[in-house]
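Chain identifiers are assigned alphabetically (A, B, ...) following the order of the sequence lines, protein sequences preceding nucleic acid strands; residue numbering begins at 1 within each chain.
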Amino acid sequence: MPWRVPPDQRKAGVRPDPYRVWLSEVMLQQTTVAAVRDYFQRFTARWPTVSALAAAPDAEVMAEWAGLGYYARARNLLKCARAVAQDHGGEFPGSRNALLSLPGIGPYTAAAIAAIAFDEAATVVDGNVERVMARLRLVETPLPQAKAELTTCAAELTPALRPGDYAQAVMDLGATICTPRNPACSLCPWTEDCAARSVGVQASLPRKSPKPAKPIRHGTLWLVTRHDGAVLLEERPAKGLLGGMAGFPTTGWDGSDLPAPLAADWQDRGEVRHTFTHFHLILTVLAAQSDGNPDRGQFTPRTDFSPTALPTVMRKAWDLAILPQPG
DNA sequence: CAAGCGTGGCT
DNA sequence: TAGCCAAGCTT
């Protein structure tokens, strides 16, 4: 993985760059390695240092993050970069406690940066570690209730020697061997120590309290193109769903009923279905060509617009309305 | 502290 | 295929 320092360089005394550790850890929050890899490459190529990122315009960073999800991470990424640049002389603070005070850095990420970049004996507790600890110590209390107990287990195992390597190792163990469904216990270095395996219940741990069903919500999206090809976009409010991202004007998605951004001869292009963390969305896509003056948003020249700069639900609407219709 | 917040891959 | 899941943070 591009954010890791290869073993031969590690043996030569090379420590990971805290900027790259931080960026990768934020991207990896609730996100798979496969999804992160290309985003990490693009971010580090475009902004090689935290000071370079701090100087970037908000809209460019949000556009580069588009598609990765949990967009509050991108807003906090910029806040954090600017805090490091302005309040810490462009260098990440080296302790877990100092890192914790920065935007978007919580208990897990602070510990991960402190351990991996600064070799502090901080205890990392992510989903992988929770699973490993629940099995190793046979913790049958469901998550999230068991979080505190699992953190205690993890802390008891954190070594003073090479805590950064240990942190990555225990997470890798969870990611590759102590996996959620079919753990490869025969390959596990802790197989003889594992309390869950000794009684055969490892695959059923950790227990999780049931999640509420996702409701279905409905809305309308308006896709307006001007005759010169410009596209009507608006920046979504900074807080809430898709906060700070560019998108096409929509109604609210919870029953609120905003009007169309302008009067036009709307064509029904069909429905977009998209599932967010806590609801399903069915979006009716209406398209029109108009040179009118919109009440919301602004026309963006077609040459300045790329659907890759949009969150996925918006990109789906674009594909539906603009791509050649099947048949 | 429970709820809000994305997405894509896998079964 | 519909649900589950992933290297969580904020309020």
Side-chain angles (χ1 to χ4, degrees), chain A residues 1-4 16 20-40 62 65-77 79-80 99-113 115-117 122-132 143-145 147-148 150-151 154 164 167-176 178-182 203-204 206-217 236-245 247 253-254 272-281 308 310-316:
Chain A
M1 290 165 281
W3 47 85
R4 294 277 178 100
R20 295 167 65 89
V21 174
W22 163 71
L23 181 62
S24 64
E25 291 298 340
V26 172
M27 287 183 167
L28 286 164
Q29 289 167 6
Q30 300 289 284
T31 308
T32 58
V33 166
V36 163
R37 185 176 287 107
D38 290 348
Y39 283 86
F40 181 83
M62 301 310 288
W65 195 275
L68 199 54
Y70 283 141
Y71 298 100
R73 292 184 296 172
R75 304 193 299 272
N76 286 328
L77 194 78
K79 285 184 196 167
C80 182
L99 290 161
L100 254 184
S101 67
L102 291 166
I105 298 184
Y108 163 74
T109 305
I113 298 171
I116 295 168
T123 300
V124 296
V125 184
D126 68 347
N128 289 309
V129 175
E130 288 175 353
R131 184 170 58 256
V132 171
L143 284 167
Q145 194 185 341
K147 172 93 178 175
L150 296 172
T151 298
Q168 297 192 65
V170 69
M171 290 190 286
D172 286 351
L173 180 69
T176 62
C178 194
T179 53
R181 271 175 277 242
N182 293 309
S204 69
R207 296 187 182 161
K208 298 196 176 179
S209 30
K211 292 165 187 172
K214 295 180 191 342
I216 299 174
R217 296 183 185 169
R236 299 179 60 81
K239 295 187 176 184
L241 194 68
L242 310 181
M245 296 299 291
W253 298 340
D254 50 7
V272 161
R273 291 167 187 270
H274 189 77
T275 298
F276 293 102
T277 306
H278 54 294
F279 66 95
H280 302 286
L281 177 65
T308 62
L310 300 177
T312 298
V313 66
M314 298 290 172
R315 192 175 44 68
K316 284 184 182 178

Once you apply a heavy-atom cut-off of 4.0 Å, does Arg37(A) come out as touching a base, just sugar-phosphate, or nothing? nothing
Nucleotides 1-5 of chain B: which of its N/O atoms have a protein N/O under 3.5 Å away?
residue	atom	partner	partner atom	Å
dC5(B)	OP1	Leu241(A)	N	3.4
dC5(B)	OP2	His278(A)	NE2	2.4

Rounding to an integer number of Å, can you tell me how far Leu68(A) CG sits from dG9(B) C1'? 14 Å
Sub-4.5 Å side-chain heavy-atom contact between Ile116(A) and Trp3(A): no
Considering every strand and a 4.0 Å limit on heavy-atom distances, what is the contact class for Met245(A): base, sugar-phosphate, or nothing? nothing
Please list each protein N or O that sits under 3.5 Å from an N or O in nucleotides 2-5 of chain C, with the distance.
none

From CD of Glu130(A) over to C1' of dC9(C), roughly how many Å is that when rounded to an integer? 14 Å
Distance test, side-chain N/O of Thr312(A) to OP1/OP2 of dG8(B), below 4.0 Å: yes
Between dG8(C) and Gln30(A), is there an OP1 or OP2 to side-chain N/O distance shorter than 4.0 Å? yes
Regarding Gly174(A), tell me which of base, sugar-phosphate or nothing describes its non-hydrogen contacts under 4.0 Å with the strands shown. nothing
Tell me which residues in residues 99-110 of chain A put a heavy atom below 4.0 Å from DNA chain B, sorted by number, or none. none
Is there a side-chain contact between His274(A) and the phosphate of dT7(B), meaning an N or O under 4.0 Å from OP1 or OP2? yes
Let's test your reading of the model: under 3.5 Å, does the base of dG6(B) pair with the side chain of Thr31(A) as donor and acceptor? yes
